[in-house]
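Here's the structure we're looking at; comments come further down.
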Amino acid sequence: MASGPGSALPARFLNAATDVLGGARVLLDPEVTVGYGLDWTGRFRSEPPAVLRPSTVGEVAAIVAAARTHGVALVPQGGNTGLVGGATPCDGEVVVDLRAMDHIGEVDATGGQVTVGAGVVIARLQEVALRHGWAYGVDWGARDSATVGGSVATNAGGLRFVRHRGTRQQLLGVEAVLGSGLVIHHLPEVDKDNTGYDLAGLMCGSEGTLGIITAARFRLVPPPPDLATAMVGFFDTAAAVAAASLLRRSLAGLEAVELMTSAGVTLVSEHLGLAAPLASSPPAILLIETGDSIDPMARLAEAVAGLDGVADVAVAADDRHRARLWRYREGHTEAINGLGPPHKFDVTIPAGALAEFIDVVPALVATVAPDAQVWCFGHAADGNVHVNVTGLHPDDEAVAEVVLTLVADVGGSISAEHGIGRAKQRWISLTRSAADLATMRTIRAALDPDGICNPGVL
């Protein structure tokens with residue numbers, strides 16, 4: 001595989017790429033390409049030898065053909081908001097920037113479907129869906145920069161998982177250029193399609209290792225009715241986790257249940273210059289949002305009144321206050337990054353073990369990194385907790401070893417929604433069997449026989 005600056009790439013590959021894209025869309029200047037070599041956390045850094053910017057599936061297919069011919073590895077990249085180094089070209093790969101593939105097809109307002117290019121940002125997809133009386137069911141804080149292609153490649157989950165599930169559940173079909181050079185183009189205009197293997201489902205979560213996703217067709221969901229939002233503090237983590245479970249059963253319109261800790265909310269408050277959202281400082285906090293066609297605020301108040309262990313409550317009186325409450329949750333990633341490049345462990349824990357896991361993780365980390373700080377937050381209703389650790393060297397993996405081993409020991413998953421990337425390669429066997437991994441390798445070899453598709457991840 002090629003590595004180093006652009007001049008170290010095979011000249012014939014660069015000539016082929018230039019013939020396809022023109023010189024303006026083949027980026028070689030290190031001052032221009034530097035941002036493509038840094039992941040969002042700042043932990044993974046590289047110097048990509050080249051960045052290619054195709055705008056059509058035909059151009060992507062031509063790039064893949066040239067890469068196969070000349071033995072050049074490719075890393076697809078969109079908004080570059082990944083948190084596990086999955087789109088960082090750390091081994092000299094060429095970056096394929098898909099953001100120019102930002103077309104949105106006609107919305108099927110009757111059936112609730114739309115086809116969009118891989119470079120479309122999630123916020124734009126959400127806006128277009130709403131203009132046609134629908135909504136897109138997946139949402140997260142990086143919506144203004146994260147792209148469709150990356151969200152499919154990582155099977156993004158996000159804030160509304162409890163209501164609509166993840167990206168795979170919204171996906172009807174994909175267009176993609178496989179590592180073999182074949183172009184698959186199956187974007188069905190029907191919800192039910194039982195014609196053989198689910199190739200879209202296979203590509204979803206593959207982290208760019210099977211090919212490059214160029215477009216996707218999504219099912220849309222009904223827009224939420226009036227929303228009611230509240231921040232509820234609890235005397236302990238166990239009470240907060242129990243409340244999340246009860247809310248799933250008692251609120252049919254539940255949209256989100258986000259878990260935070262007092263330390264995390266304080267950090268966000270200081271970072272953003274916000275006043276504390278609750279009068280007290282309870283150790284565990286839920287941000288709860290529900291939608292209902294009939295008086296959602298009354299339904300939320302009734303549900304909260306039935307919860308045990310409540311220490312404090314703040315209710316959003318209007319949309320402005322609602323947005324303010326959400327800032328405390330969505331500001332976590334930015335605030336934590338302000339302390340230095342974090343080690344991120346996006347994991348899922350069985351519901352019965354979630355509270356204890358959150359409580360014991362800080363002490364567990366202290367056994368191998370006594371000066372580190374641990375920040376836990378996440379999606380309480382589906383057991384997804386983001387364990388962020390600051391104060392570590394970027395190459396220190398001792399914390400990953402103890403945290404991910406604990407996750408496996410309690411029956412969890414070492415990756416809930418961000419993928420394996422580069423950060424978790426060593427530990428995938430903790431939660432996947434030898435037969436699982438052998439089958440994945442067989443699939444990968446069949447669809448990417450030359451090993452050019454994001455070879456450094458998964």
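Within the structure, ring-ring contact (aromatic ring centres under 6.0 Å, His included) contacts touching residues 403-425 (residues at least two apart or in different chains) are H386-H418. A side-chain hydrogen bond (donor to acceptor under 3.5 Å, both in side chains) check over residues 128-141, counting only residues at least two apart or in different chains, returns the pairs Q126-D139, D139-R143. Listed by first and then second residue, the salt bridge (charged side-chain N to carboxylate O under 4.0 Å, His left out) pairs involving residues 400-416 are E401-R426 (not counting sequence neighbours). Among residues at least two apart or in separate chains, there is no salt bridge (charged side-chain N to carboxylate O under 4.0 Å, His left out) pair with a member in residues 179-188. Applying the side-chain hydrogen bond (donor to acceptor under 3.5 Å, both in side chains) test to every pair with at least one member in residues 201-226, sequence neighbours left out, gives these pairs: Q113-R217, T115-R217, E175-T214, D191-R219.
Two residues are said to be in side-chain contact when any heavy atoms from C-beta on lie closer than 4.5 Å; S433 and D436 meet this criterion. For the pair V84/K344, no side-chain contact is recorded, criterion being any heavy-atom separation below 4.5 Å from C-beta on. Looking at heavy atoms from C-beta onward, V94 lies in side-chain contact with P49 at the 4.5 angstrom threshold. Between P455 and D91 the shortest side-chain heavy-atom distance does not fall below 4.5 Å. Contact check for T390 versus P342: side-chain heavy atoms found under the 4.5 Å cut-off. Within the 4.5 Å cutoff, no side-chain heavy atoms of S151 are placed close to those of V138. Between H186 and D193, the closest side-chain pair of non-hydrogen atoms falls below 4.5 Å. Using a 4.5 Å heavy-atom threshold, the side chains of L392 and V399 count as touching.
A donor-acceptor pair under 3.5 Å links the side-chain atoms of N454 to the main chain of G86, judged by distance alone. Between the side chain of R68 and the backbone N or O of S180 there is at least one donor-acceptor pair closer than 3.5 Å. One N or O on the side chain of N337 and one on the backbone of W40 form a donor-acceptor pair closer than 3.5 Å. A donor-acceptor contact shorter than 3.5 Å links the side chain of D108 to the backbone of G111. Of the possible polar contacts, one joining the N15 side chain to the A11 backbone as a donor-acceptor pair under 3.5 Å is found. Here the side chain of Q170 pairs no donor or acceptor atom with the backbone of T167 at under 3.5 angstrom. Not a single donor-acceptor pair under 3.5 Å links the side chain of E47 to the backbone N or O of G37. Side-chain atoms of D450 never come within 3.5 Å of backbone atoms of I452 as a donor-acceptor pair (strictly under, hydrogens ignored). In this structure, S46 contributes its side chain and P89 its backbone to a donor-acceptor pair below 3.5 Å. Checked by atom type and distance alone, the side chain of E59 pairs as donor or acceptor with a backbone atom of S55 at under 3.5 Å.
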Side chain to side chain contact (heavy atoms under 4.5 Å, CB included) for E330 and L159? Distances and angles first, verdict last. CA-CA 10 Å; E330 294 190 337; L159 303 167; 3.4 Å; yes
Might you work through the side chain to side chain donor-acceptor pair (under 3.5 Å) test for H271 and E334, ending with a clear yes or no? CA-CA 8 Å; H271 180 79; E334 177 187 335; 3.0 Å; yes
Show your reasoning for whether side chain to side chain donor-acceptor pair (under 3.5 Å) applies to H332 and N388. CA-CA 10 Å; H332 269 67; N388 285 220; over 6 Å; no
Report the C-alpha distance between T229 and I288 in whole Å, list the side-chain angles of each, state the deciding distance to 0.1 Å, and finish with yes or no for side chain to side chain contact (heavy atoms under 4.5 Å, CB included). CA-CA 6 Å; T229 308; I288 306 164; over 6 Å; no
After noting the C-alpha distance and the side-chain angles of V407 and V387, does the key distance pass the side chain to side chain contact (heavy atoms under 4.5 Å, CB included) rule? CA-CA 11 Å; V407 170; V387 181; over 6 Å; no
When you look at T290 and E255, which way does the side chain to side chain contact (heavy atoms under 4.5 Å, CB included) test go after all the steps? CA-CA 5 Å; T290 186; E255 290 276 335; 5.7 Å; no
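A distance of 9.0 Å separates CG in L267 from CG in L272, rounded to the nearest 0.5 Å. Going from atom SG of C453 over to atom CG of L178 covers 8.0 Å, rounded to the nearest 0.5 Å. Here CD1 of I285 is found 5.5 Å from CE of M260. Values are rounded to the nearest 0.5 Å. Taken to the nearest 0.5 Å, the CG atom of D395 stands 7.5 Å off from the NE2 atom of H343. Considering CG of L98 and CZ of R53, their distance stands at 10.0 Å, rounded to 0.5 Å. Note that CD1 of I420 and CD1 of I428 are 4.5 Å apart. Values are rounded to the nearest 0.5 Å.
Applying side-chain contact (heavy atoms from CB on, under 4.5 Å) to Y36 and the options L27, V75, T88 leaves one that passes, L27. Just one residue in the list V347, V374, V402, V385 forms a side-chain contact (heavy atoms from CB on, under 4.5 Å) with V361, and that residue is V374. Residue E258 is tested with R329, R327, R160 for a salt bridge (Lys or Arg N to Asp or Glu O under 4.0 Å); the sole match is R329. The side-chain contact (heavy atoms from CB on, under 4.5 Å) test with N384 is passed by exactly one of D346, L259, I349: D346.
Nearest heavy-atom pair across V64 and G179 is CG1-O, 4.1 Å. When every heavy atom of P54 is checked against every heavy atom of V60, the shortest pair comes out as CG-CG2, 3.7 Å. Taking every heavy atom of both residues into account, T81 and A146 meet most closely at OG1-CB, 3.6 Å. Nearest heavy atom pair, residue R43 against residue D396, reads NH2-O, 4.4 Å. Contact between S145 and V121 at its shortest, heavy atoms only, is O-CG1, 3.9 Å. Considering all non-hydrogen atoms of both residues, L28 and A50 come closest at CD2-CB, 3.5 Å.
Taking the side chain to side chain donor-acceptor pair (under 3.5 Å) definition, one finds that T41 meets it with D39, sequence neighbours left out.
Within 6.0 Å of the CZ atom in R248, the count of heavy atoms belonging to other residues, nucleotides or ligands does not exceed 12. For E189, the CD atom counts as loosely surrounded, since its 6.0 Å shell holds 12 or fewer non-hydrogen atoms of other residues, nucleotides or ligands.
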